[in-house]
Amino acid sequence: MNNLTLAVENEIAVLTITRPAALNALNSETLDELNEVLTEIEARDDIKVVILTGGADKKGNEFKSFVAGADISEMVNFTAAQARAFGMRASVPFFKLMNMRQVTIAAVNGFALGGGCEISMACDIRIASDNASFGQPETGLGIIPGFGGTQRLARLVGMGRAKELIFTCDTIDAQEAYRIGLVNKVVPKEELMSTAKEMAAKIASKASYAIAVAKAAINNGYDMDIKNAVEMEANLFGITCSTHDKTEGMSAFLERRKPDLTDF
Ligand code: CO8
């Protein structure tokens with residue numbers, strides 16, 4: 001992979017987007033590599049949580065940029081058909097981040113603009129360093145957010161705030177992103193990766209299969225009416241009741257011991 005690195009330790013994968021010359025902007029090659037590596041991760045039983053972050057800029061500053069958007073130099077001459085193809089190229093790995101059985105955490109270490117904000121929103125959880133900033137500057141470039149931003153931003157922060165951010169192109173700091181619910185947590189930049197890894201370890205220590213099922217229930221139920229969504233939840237609950245982890249988890253509670261949770 002030219003634009004991504006993958007490091008796996010203790011069931012946690014750290015996936016780093018590394019395009020130092022372009023502040024980790026997403027081009028076609030990076031999106032294809034992302035799709036490839038997420039496909040590999042999905043098939044791996046030894047990875048329970050994926051932390052997505054941005055690599056250092058060309059001066060070695062690790063907290064300059066998470067992802068500064070889609071690559072403008074690639075998009076500048078796009079025809080409508082090429083733009084659509086580019087959007088779909090992102091859509092596939094972004095839906096993987098959203099729906100894969102592993103939990104995905106964006107550790108946002110600087111600029112999360114345009115496609116950068118959008119890829120963070122495709123993750124399950126966002127943790128921001130205190131210097132991070134977020135925005136959807138597309139309408140200032142004559143385009144609209146095209147990697148799911150008009151949809152995921154409205155779902156995360158509500159329609160009014162999403163419209164304000166998209167129509168004004170304002171960049172907001174990490175605290176404001178936290179205040180409006182765009183990020184789960186803001187931490188001093190030196191603590192970003194340790195905080196993300198701590199949360200990942202906590203998640204990895206729970207029943208991984210149950211978490212994957214809970215993730216599917218939340219994602220799928222979100223766009224359903226409440227009655228059908230709760231019925232779907234009941235059905236999925238039934239499935240988790242047929243697992244080793246359910247028997248082990250409940251027995252361990254009653255026997256006052258630590259459970260040995262193994263399903264995934
Ligand atoms: N694309 C390509 N190159 C970029 C990008 C980008 N998005 N962002 C930064 N770079 C490059 C710069 O061109 C520069 O290259 P060079 O050193 O060769 O001149 C290098 O990265 C460093 O950037 P700057 O010198 O500009 O660094 P600053 O610290 O001065 O500024 C900023 C940092 C504020 C992040 C600035 O670089 C910036 O504004 N970048 C663009 C941000 C942006 O507008 N992002 C949104 C892009 S559009 C988008 O994401 C659409 C997504 C949906 C597409 C859907 C298609 C279907």
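The shown structure was predicted, so the numbers you read here are calculated from the model rather than taken from an experiment. Start at 1 with the first residue, then count along the sequence. Remember, it's 1-based here, ligands and their atoms both numbered in the order they're listed.
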Item to check | Ile41 side chain near Gln102 side chain, heavy-atom distance below 4.5 Å | outcome: yes
Item to check | Pi-cation contact, Phe264 with Lys48 (under 6.0 Å, within 45°) | outcome: yes
Checklist entry - Under the 6.0 Å and 45° cation-pi test, does Arg152 pair with Phe95? => result yes
Checklist entry - Any heavy atom of Gln136 sitting closer than 4.0 Å to ligand 1? => result no
Item to check | Sub-4.0 Å heavy-atom contact, Arg84 with ligand 1 | outcome: no
Suppose we measure from [atom] to each protein heavy atom; which comes out shortest, and what is that distance?
atom                    : answer
atom 54 (C) of ligand 1 : Phe147 CE2, 3.7 Å
atom 10 (N) of ligand 1 : Ala22 O, 3.8 Å
atom 20 (C) of ligand 1 : Ala21 O, 3.4 Å
atom 57 (C) of ligand 1 : Ala83 O, 3.1 Å
atom 18 (O) of ligand 1 : Lys58 NZ, 4.2 Å
atom 27 (O) of ligand 1 : Leu23 CD1, 3.9 Å
atom 29 (O) of ligand 1 : Lys64 NZ, 2.5 Å
atom 51 (C) of ligand 1 : Glu138 OE2, 3.4 Å

Is there a nitrogen or oxygen of [X] sitting under 3.5 Å from a nitrogen or oxygen of ligand 1?
X      : result
Ile72  : yes
Ala25  : no
Leu113 : no

Do protein heavy atoms approach [atom] to less than 4.0 Å?
atom                    : value
atom 1 (N) of ligand 1  : yes
atom 12 (C) of ligand 1 : no
atom 38 (C) of ligand 1 : no
atom 31 (O) of ligand 1 : no
atom 15 (O) of ligand 1 : yes
atom 25 (O) of ligand 1 : no

Next on the checklist: Tell me whether Ile166 shares a hydrophobic cluster with Leu113, the cluster being built from Ile, Leu, Val, Met, Phe, Trp, Tyr side chains joined at under 4.5 Å.
Outcome noted: no
Would you be so kind as to tabulate the donor-acceptor pairs closer than 3.5 Å made by side chains of residues 80-88, with sequence neighbours excluded?
from	atom 1	to	atom 2	distance (Å)
Gln82	OE1	Thr79	N	2.9
Gln82	OE1	Thr79	OG1	3.3

I'd like to know if [X] and [Y] make a salt bridge, using a cut-off of under 4.0 Å between side-chain N and carboxylate O.
X      : Y      : answer
Asp46  : Arg44  : yes
Glu248 : Arg257 : yes
Arg161 : Asp170 : no
Glu198 : Lys202 : no

Option whose closest heavy atom lies nearest to [atom], chosen from [options]:
atom                    : options                       : value
atom 55 (C) of ligand 1 : Gly146, Gly135, Pro137, Gly87 : Gly146
atom 7 (N) of ligand 1  : Ala70, Gly116, Ser133         : Ala70
atom 35 (C) of ligand 1 : Phe78, Phe111, Phe86          : Phe111
atom 43 (C) of ligand 1 : Gly69, Ala68, Gly114, Pro145  : Ala68

Checklist entry - Can you name the one residue among Asp263, Asp124, Asp45 that meets salt bridge (Lys or Arg N to Asp or Glu O under 4.0 Å) with Arg101? => result Asp45
Checklist entry - Other than Ile239, what residues sit in its cluster of Ile, Leu, Val, Met, Phe, Trp and Tyr side chains whose heavy atoms are under 4.5 Å apart, directly or through others? => result Tyr209, Val213, Met224, Met232, Leu236
Next on the checklist: Using side chain to side chain donor-acceptor pair (under 3.5 Å), reason through Thr39 and Lys96 one step at a time and then give a plain yes or no.
Outcome noted: CA-CA 8 Å; Thr39 306; Lys96 283 203 170 116; 3.0 Å; yes
Item to check | Centroid separation Phe66 to Phe111 less than 6.0 Å | outcome: no
Item to check | Worked verdict on Asn35 versus Asp32 for side chain to side chain donor-acceptor pair (under 3.5 Å) | outcome: CA-CA 5 Å; Asn35 193 38; Asp32 288 349; over 6 Å; no
Checklist entry - Should the heavy atoms of other residues, nucleotides or ligands under 6.0 Å from CD of Glu9 be counted, would the total exceed 12? => result no
Mark up the atoms of ligand 1 that fall under 4.0 Å of a heavy atom belonging to [X], in ascending order.
X      : answer
Leu141 : 44 (O), 47 (C), 48 (S)
Met75  : 48 (S), 54 (C)
Glu118 : 52 (C), 53 (C)

